[in-house]
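Every chain is numbered from 1, with letters handed out A, B, ... down the list of sequences. Being a predicted model, the structure only gives us computed values, none of them experimental.
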Amino acid sequence: MPELPEVEVTRRELAPALLGRVIARVHTSVPSYFFLTPPRTLARRLKGRRADELQRHGKYLLLGLDSGARVLLHLGMTGQLFMDGASSVRLLSSAAAASLAPEEQMRFTPDAHTHVTLAFEDGGPRMHFRDVRKFGKVEWLPEGQGSPRLDKLGVDALLATGEQLHASTRKRRAPIKSVLLDQSVLAGVGNIYADEALFLAHVHPTLVAHRVSRARCHALVAAVQRVMLRSIETGGSSISDYVRPGGDDGGYQDERRVYARTGEPCPECGAVIQRIVVGTRGTHFCPRCQR
DNA sequence: CGTTACACCTGAGGGC
DNA sequence: TGCCCTCAGGTGTAAC
């Protein structure tokens with residue numbers, strides 16, 4: 001699920017709930033390829049560390065610790081990072097939830113899909129990382145060590161320029177949509193925002209990348225940034241699994257123009273939104289607006 | 001090097 | 001109700 005906007009909303013909401021706190025206990029699920037660092041090793045190294053910063057690169061989060069080590073986090077398709085009390089936010093009015101003392105707030109009960117739970121020395125709300133499909137990732141990065149995964153990333157989509165996209169597309173004959181999804185070109189673009197940006201820029205998803213003009217590349221990057229900034233404002237897209245760290249749903253799913261709207265009328269021209277497959281990904285577009 | 005196909009894993013929803 | 005199929009917001013790898 002989560003693309004750049006959902007990861008950024010997660011970062012912004014998780015940081016104030018996490019930073020400055022010292023980890024007292026770590027609970028994990030069993031080993032799986034979700035754990036790039038084995039769970040017991042991860043738990044041992046995290047214990048006693050203070051969370052000092054939370055950064056984002058593309059769809060990755062990096063939790064910086066007082067020792068200088070970092071934890072790499074990726075939400076995959078169904079990852080959820082949230083704090084204790086999150087379910088009460090859904091069930092109670094925010095006023096009622098705010099009036100509860102910390103020890104009265106509902107505590108989440110970790111299930112088989114909860115792979116990491118951090119408890120803190122202050123006894124306050126714990127942090128949970130759930131991921132049903134386990135496409136997400138957790139990795140311990142020792143002090144001073146980089147990560148091949150991070151090194152492969154291109155410029156963050158929010159910081160990219162049209163010139164950079166234009167340069168990256170010159171030798172590519174793949175569909176422009178596939179290049180937008182390539183994390184070594186624009187880090188953070190996923191299936192929803194690729195479809196939405198192509199629609200806003202009026203570019204057909206299967207257009208061969210090196211045939212996209214400089215002006216179209218500029219329009220595409222502007223469209224990517226416009227939809228992502230608006231999505232961040234509304235809390236991201238909650239289509240099936242994504243929840244914010246406080247337990248609320250995002251709001252951008254209500255503003256989608258084409259993604260998962262097959263058969264519905266185009267919001268600009270009324271033509272029927274089509275679904276095709278581009279590079280194995282479901283792709284939604286308006287056959288009249290995007291040529 | 002670029003491109004494509006597929007594997008990884010679980011669950012929801014549709015058709016019969 | 002049950003079974004079988006397709007689909008899902010991502011990414012790493014192998015093979016051409």
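dC3(C) sits 23 Å from dC9(B) when the P atoms are compared, rounded to a whole Å.
Taking 4.0 Å as the cut-off between side-chain N and carboxylate O, Glu3(A) and Lys59(A) do not count as a salt-bridged pair. Salt bridge status for Arg70(A) with Glu143(A): absent, with no side-chain N to carboxylate O gap under 4.0 Å. Salt bridge Arg21(A)/Asp122(A): present, at least one basic N to carboxylate O contact under 4.0 Å. Using a cutoff of 4.0 Å between basic side-chain nitrogens and carboxylate oxygens, Asp52(A) and Arg50(A) are scored as salt-bridged. With respect to the salt-bridge test (charged N to carboxylate O, under 4.0 angstrom), the residues Arg133(A) and Asp241(A) do not qualify.
One interatomic measurement links the two molecules: CG of Asp131(A) to P of dT11(C), which rounds to 12 Å at whole-angstrom precision. As rounded to whole Å, 14 Å separates atom C1' of dG12(C) from atom CE of Met77(A). Nucleotide dG10(C) holds its P atom 14 Å from the OH atom of Tyr242(A), rounded to whole Å. Protein atom CD of Gln253(A) is 17 Å distant from nucleotide atom P of dA8(C), rounded to whole Å. Between the P atom of dG12(C) and the CZ atom of Arg149(A) lies a distance of 5 Å, rounded to the nearest Å. We find that CG of Leu72(A) is positioned 13 Å from C1' of dT11(C), with the value rounded to whole Å. Rounded to an integer number of Å, the gap from Glu139(A) CD to dG10(C) P is 20 Å. In this structure, Arg261(A) places its CZ atom 18 Å from C1' of dC7(C), rounding to the nearest Å.
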Given the rule that a pair is Watson-Crick or G-U wobble with both distances under 3.5 Å, how would you write DNA chain C in dot-bracket, using | for pairs to a different strand?
.|||||||.|||||||
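Asp66(A) places no side-chain N or O within donor-acceptor distance of the main-chain N or O of Arg49(A), the cut-off being under 3.5 Å. With hydrogens and angles disregarded, a donor-acceptor distance shorter than 3.5 Å links the side chain of Thr283(A) to the backbone of Arg281(A).
The side chain of His74(A) contributes no N or O atom lying less than 4.0 Å from OP1 or OP2 of dG10(C). Applying the 4.0 Å criterion to OP1 and OP2 of dT11(C), one finds that Gln183(A) has a side-chain N or O inside that range.
The shortest distance between side-chain heavy atoms of Asp195(A) and Arg257(A) does not fall below 4.5 Å.
In this structure, the ring of Phe199(A) has its center no less than 6.0 angstrom from the ring center of Phe285(A). Separation of the His115(A) and Phe129(A) ring centroids does not fall under the 6.0 Å cut-off.
His57(A) and Gln183(A) form no side-chain donor-acceptor contact under 3.5 Å, judged by distance and modelled atom types alone.
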Output a table of nitrogen or oxygen pairs between the protein and nucleotides 3-5 of chain B separated by less than 3.5 Å.
unit_1: dT3(B); atom_1: OP1; unit_2: Arg173(A); atom_2: N; d: 2.5
unit_1: dT3(B); atom_1: OP1; unit_2: Ala174(A); atom_2: N; d: 2.8
unit_1: dT3(B); atom_1: OP2; unit_2: Arg172(A); atom_2: NE; d: 2.2
unit_1: dT3(B); atom_1: OP2; unit_2: Arg172(A); atom_2: NH2; d: 3.0

Interface polar pairs with nucleotides 8-11 of chain B, N/O, under 3.5 angstrom:
unit_1: dC9(B); atom_1: O2; unit_2: Arg133(A); atom_2: NE; d: 2.8
unit_1: dC9(B); atom_1: N3; unit_2: Arg133(A); atom_2: NH2; d: 3.3
unit_1: dG11(B); atom_1: OP1; unit_2: His113(A); atom_2: NE2; d: 3.2

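Distance check, rounded to the nearest 0.5 Å: NZ of Lys47(A) to CD of Glu121(A) gives 9.5 Å.
Nucleic acid contact for Lys59(A): sugar-phosphate only, since backbone atoms but no base atoms lie under 4.0 Å from a heavy atom of the residue. Nucleic acid contact for Tyr60(A): sugar-phosphate only, since backbone atoms but no base atoms lie under 4.0 Å from a heavy atom of the residue. Counting non-hydrogen atoms under 4.0 angstrom, Phe34(A) reaches nothing in the nucleic acid. Note on Arg275(A): only backbone sugar-phosphate atoms sit closer than 4.0 angstrom, heavy atoms only; bases stay farther off.
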